[in-house]
Amino acid sequence: MVIKPQKTKFQLKVVDNLDALSSWANNPWRRYSLALIFLLVGNFVGSQIGMVSAGKNLMDPVGAFLSVLFLEALIGLRRVLRYDRTKKTFILLIDFLRYGLFYGFFTECLKLL
């Protein structure tokens, strides 16, 4: 006999709201506008990490390590969600967040040359 675990408060508030966001984004305009927002947020975060680590020369290795760790976590999360057909919106958002981070890092490296 398999006992189904109870729903926690985190699951009720966060996970169910993410499912509601996925159903809200069925419209292509909404989905791509949400993806554009994630792209711009990723660009902003990537450029901020680059500026902070360039301002403090001692934090360059730490900033690079945290950036690579965050990007690898996003890639691992994408691998987990890849086989679930209902999570296509989340895969799109994760990809656009990664693209924004890469673009933010790239523009910061061009500024520092």
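Heavy-atom basis, side chains included; hydrogens, waters and symmetry copies ignored. For this chain, numbers begin at 1 and follow the sequence in order.
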Listed partners of [X] passing side chain to side chain contact (heavy atoms under 4.5 Å, CB included), at least two apart:
X      : result
Leu36  : Leu39, Leu40
Thr89  : Ser22, Ala25, Arg31, Leu93
Thr107 : Asn43, Tyr103
Leu110 : Phe106, Leu113

_Taking side-chain hydrogen bond (donor to acceptor under 3.5 Å, both in side chains) as the definition, give me every residue that meets it alongside Arg78, ordered by chain and number, with sequence neighbours left out._
Asp95

*Is there any ring pair (Phe, Tyr, Trp, His ring centres under 6.0 Å) pair reaching into residues 76-101, and which pairs are they, with sequence neighbours excluded?*
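For residues 76-101, and leaving out neighbouring residues, the ring pair (Phe, Tyr, Trp, His ring centres under 6.0 Å) pairs sorted by first residue read Phe96-Tyr99.
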
*asked:* Do Leu101 and Leu74 have side chains that approach each other closer than 4.5 Å (heavy atoms only, starting at C-beta)?
replied: yes

*Report yes if the side chains of Ile75 and Arg98 come closer than 4.5 Å at any heavy-atom pair, otherwise no.*
yes

_Assess the residue pair Leu92 and Phe38 against the criterion (side-chain contact (heavy atoms from CB on, under 4.5 Å)); give the C-alpha distance rounded to whole Å, side-chain angles, the decisive distance to 0.1 Å, and a yes or no._
CA-CA 10 Å; Leu92 180 76; Phe38 270 70; over 6 Å; no

*What are the two closest heavy atoms between Ile49 and Ser67, and how far apart are they?*
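The pair with the smallest heavy-atom distance is CG2-OG, 3.6 Å.
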
